[in-house]
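Below you'll find the structure, written out as structure tokens, and then a few comments.
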Amino acid sequence: MRGRRPVAPATIRVMTPDSSASLREQVRQAIDAARQRVRAELPAPGEPLDVPSEVERPADPARGDFATTVALKLARPLRRPPLEIAKAIAAQIVTTASDPDSPIASVEVAAPGFLNVRLSDRALAVAAVRILREPQTWGHVVAAHPEHVNVEFVSANPTGPLHIGNARGAFTGDLLCRVLTAAGHKVEREYYFNDFGSQVKNLGASVAAIRCKEEIPEDGYRGDYVYDMARELPASVLEGAERSGEDPAWAIGRWASERVRVGIEASLEHLGCHFDVWRSESTLHNDGWVGKAIEGLRAAGDVYEEDGAVIFRSTRYGDDKDRVILRSTGDAAPTYFAADIGYLVEKFSRGYERIIFIWGEDHHGYVARVKAAAQSLGFDRDHVQMILTAWVRFVRDGKEVAMSKRSGEFITLDELLGEIGVDAARWFFASRAASSGIDFDIELAKKQSSENPVYYVQYAHARIASILRKAEEAGIKPPAGGDAELAGMLAGILRGAPEAELARQIVRLPEVVEDAAASEETHGITTYATELATTFHAFYRDARVVDPDEPERSAARLALVAATKTTLANALGLLGISAPELM
RNA sequence: GCGCCCGUAGCUCAGUGGAUAGAGCGCCAGGUUGCGGACCUGGAGGUCGUGGGUUCGAGUCCCGCCGGGCGCGCCA
């Protein structure tokens with residue numbers, strides 16, 4: 001389609017203010033439009049021009065609000081000096097000089113071919129007004145391609161309470177869901193648990209043994225919670241188990257594991273991790289999904305038998321060995337992997353466009369086979385995605401904390417959060433890439449808690465809340481009037497350096513959300529929140545908000561500070577962290 | 001042995017092929033008769049594990065090596 005002639009209207013209204021797009025996106029579109037217009041004068045000799053107009057924040061803010069390297073990247077295909085290309089594009093960018101509605105105040109060309117763009121005060125003011133008018137949705141963006149996404153995480157077996165090893169998966173999954181939602185996707189959070197395997201029976205046998213004052217089996221469970229359950233086991237469960245004729249360990253195990261599951265759900269809710277769907281392995285078998293999946297693989301011609309086992313030819317789709325799905329033992333029981341394939345079919349039947357798993361990195365060997373199954377079944381393997389979280393070494397006083405559910409030697413998630421607090425823990429995990437292995441020193445986390453950056457950010461929020469209270473006492477009210485009037489007042493104070501810097505910082509939130517969703521990482525949000533808090537604290541030092549001698553300027557600054565408060569609160573909200581009015 | 005992840009400031013970690021590699025903590029030196037000092041300003045501290053390569057440009061991409069983690073079950 002390279003022959004298509006670009007339609008170049010005499011004037012392009014680049015700022016038909018699309019409030020759902022970040023300012024960065026508006027600038028990107030303006031640069032795209034300018035590129036369209038220079039195409040005629042700079043024909044491409046041959047190579048395709050699939051160079052996207054990437055717009056970023058320059059490392060040095062003195063260079064401007066945004067920068068692009070498109071001219072550098074176009075130099076090769078156009079066979080022109082990058083500086084020449086940059087000048088041509090710059091000449092075509094619509095600025096406020098030619099169109100007052102443009103968000104761009106000026107464009108500068110810098111060697112060897114950078115384009116530096118400066119926003120107009122009016123664009124900043126308009127964005128600030130939007131924050132004040134629609135605080136709840138500030139930071140939310142509209143996805144270019146909205147998707148219905150399923151995210152499955154934690155999925156620890158209900159044989160014991162969550163321990164600190166489950167923390168990373170819980171927070172990583174929850175944070176991803178929050179970010180994807182803010183980025184315009186429809187997200188469902190799911191927990192998968194095994195109510196089927198022999199461990200459930202082992203749990204039941206352990207409870208029964210304690211109840212009957214017998215020795216706990218070798219492969220049983222012996223944490224405090226097991227003793228609690230033995231004490232609280234209702235007689236009706238025991239009697240029902242005996243009546244049914246099956247091994248009472250099963251019935252007791254089902255009772256115990258459901259009880260544990262309820263406790264897990266409560267712990268997760270306490271962490272701010274809510275799940276929409278709880279799916280058990282037995283429903284996959286009972287509702288025929290596992291059988292359906294195996295049929296599907298068979299229909300694709302990807303199944304064979306060997307030594308009495310039924311095997312999926314996953315090597316056909318890039319796995320390094322084929323995988324057994326039905327065991328060679330007499331009952332031909334499906335493997336755990338077979339259940340997972342059934343689960344995949346069941347999930348796709350619910351209409352998701354993307355299925356995400358949050359796994360510990362020890363499961364990375366599993367990625368290839370699940371994707372292979374998806375492909376064999378006719379799904380797009382790229383619609384199945386695994387996010388692997390690296391190992392967390394929990395350390396206390398320099399010594400690694402070992403954990404084992406069976407021995408009962410572990411620190412529960414509830415205990416950890418009791419020590420350091422949900423907000424501090426959330427910040428800790430949110431500020432690190434999922435793929436990086438981290439040390440979590442519990443004593444250090446407690447000791448440093450008052451100097452943790454999360455409190456720095458929360459403090460900025462509380463400080464603003466205090467200013468707003470003070471302003472009310474002093475009788476200073478936010479500016480009245482319509483949007484245009486308010487924008488005009490705000491644009492007026494942006495001539496001041498502290499105000500301009502603060503305004504430039506708050507309008508970044510939608511970009512930060514876009515980046516977090518695209519990279520599926522949240523540390524950009526913690527970094528941003530810290531920077532915004534720093535900028536605010538500097539503003540606080542330099543610009544007095546509540547000043548009865550300057551009522552108009554006070555009112556305008558009040559509006560700016562209120563927008564900052566919303567931005568801080570929403571950034572923290574994306575991380576599931578509270579934004580206190582008082583500390 | 002094969003595969004995946006990681007190696008950046010004293011510590012914990014960012015860095016989507018671009019401009020002088022950053023932040024927090026810790027350390028050193030300063031700052032408030034005013035809206036919350038849980039704050040602010042400045043400073044010291046780096047052969048980006050290592051050796052090649054690709055590129056106008058490499059912490060970032062490719063290959064080798066060193067070091068650390070994890071995985072390589074008809075377990076779950």
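Worth saying up front: this structure is predicted, and the values here are computed from it rather than measured. We name chains A, B, ... by the order of the sequence lines, and we start the count at 1 in each one.
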Partners meeting salt bridge (Lys or Arg N to Asp or Glu O under 4.0 Å) with A:E54 (sequence neighbours left out): A:K73

Candidate nucleotides B:A19, B:C35, B:C5, ranked by approach to the side chain of A:V546 - the nearest: B:C35

Pairs satisfying salt bridge (Lys or Arg N to Asp or Glu O under 4.0 Å), at least one member in residues 528-540 of chain A, at least two apart: A:R508-A:E531

Checking [X] now: which residues fulfil ring-ring contact (aromatic ring centres under 6.0 Å, His included) with it, not counting sequence neighbours?
X: A:H523; result: none
X: A:Y343; result: A:Y192
X: A:F153; result: A:F275

Dot-bracket encoding of pairs in RNA chain B, which uses [ ] for pseudoknotted crossings and | for another strand, Watson-Crick or G-U under 3.5 angstrom: (((((((..((((....[...)))).(((((.......))))).....(((((..]....))))))))))))....

Would you tabulate the nitrogen or oxygen pairs shorter than 3.5 Å linking the protein to nucleotides 11-14 of chain B?
unit_1	atom_1	unit_2	atom_2	d
B:U12	O2'	A:R432	NH2	2.4
B:C13	OP1	A:G437	O	3.3
B:C13	OP1	A:D439	N	2.8
B:A14	OP1	A:A433	N	2.6
B:A14	OP1	A:S436	OG	2.9
B:A14	O3'	A:H523	NE2	3.0

Pair listing, ring pair (Phe, Tyr, Trp, His ring centres under 6.0 Å) test, anchored in residues 546-565 of chain A, at least two apart: none

Protein-nucleotide distance (A:I525, atom CD1; B:G24, atom P), rounded to Å: 19 Å

A:E550 CD - B:C35 C1' separation (whole Å): 15 Å

Ring-ring centroid check A:Y456 A:H537, cutoff 6.0 Å: yes

Mind listing the N/O atom pairs, protein and nucleotides 54-58 of chain B, below 3.5 Å?
unit_1	atom_1	unit_2	atom_2	d
B:U55	O3'	A:R76	NH2	3.2
B:C56	OP1	A:R76	NH2	3.0

Distance test, side-chain N/O of A:Y456 to OP1/OP2 of B:C40, below 4.0 Å: yes

Return the polar atom pairs (N/O with N/O) between nucleotides 26-33 of chain B and the protein under 3.5 Å, or none.
unit_1	atom_1	unit_2	atom_2	d
B:G26	OP1	A:E451	OE1	2.5

Residue pairs passing the side-chain hydrogen bond (donor to acceptor under 3.5 Å, both in side chains) test where at least one lies in residues 542-562 of chain A, sequence neighbours excluded: A:E499-A:R557

Anything under 3.5 Å between a donor and an acceptor, one on a side chain of residues 365-376 of chain A, the other on a protein residue two or more places apart or in another chain? List them.
unit_1	atom_1	unit_2	atom_2	d
A:K371	NZ	A:V384	O	3.2
A:Q375	OE1	A:R381	NH1	2.7
A:S376	OG	A:D302	OD2	2.6

Side-chain donor/acceptor of A:D423 to backbone N/O of A:I577, under 3.5 Å: no

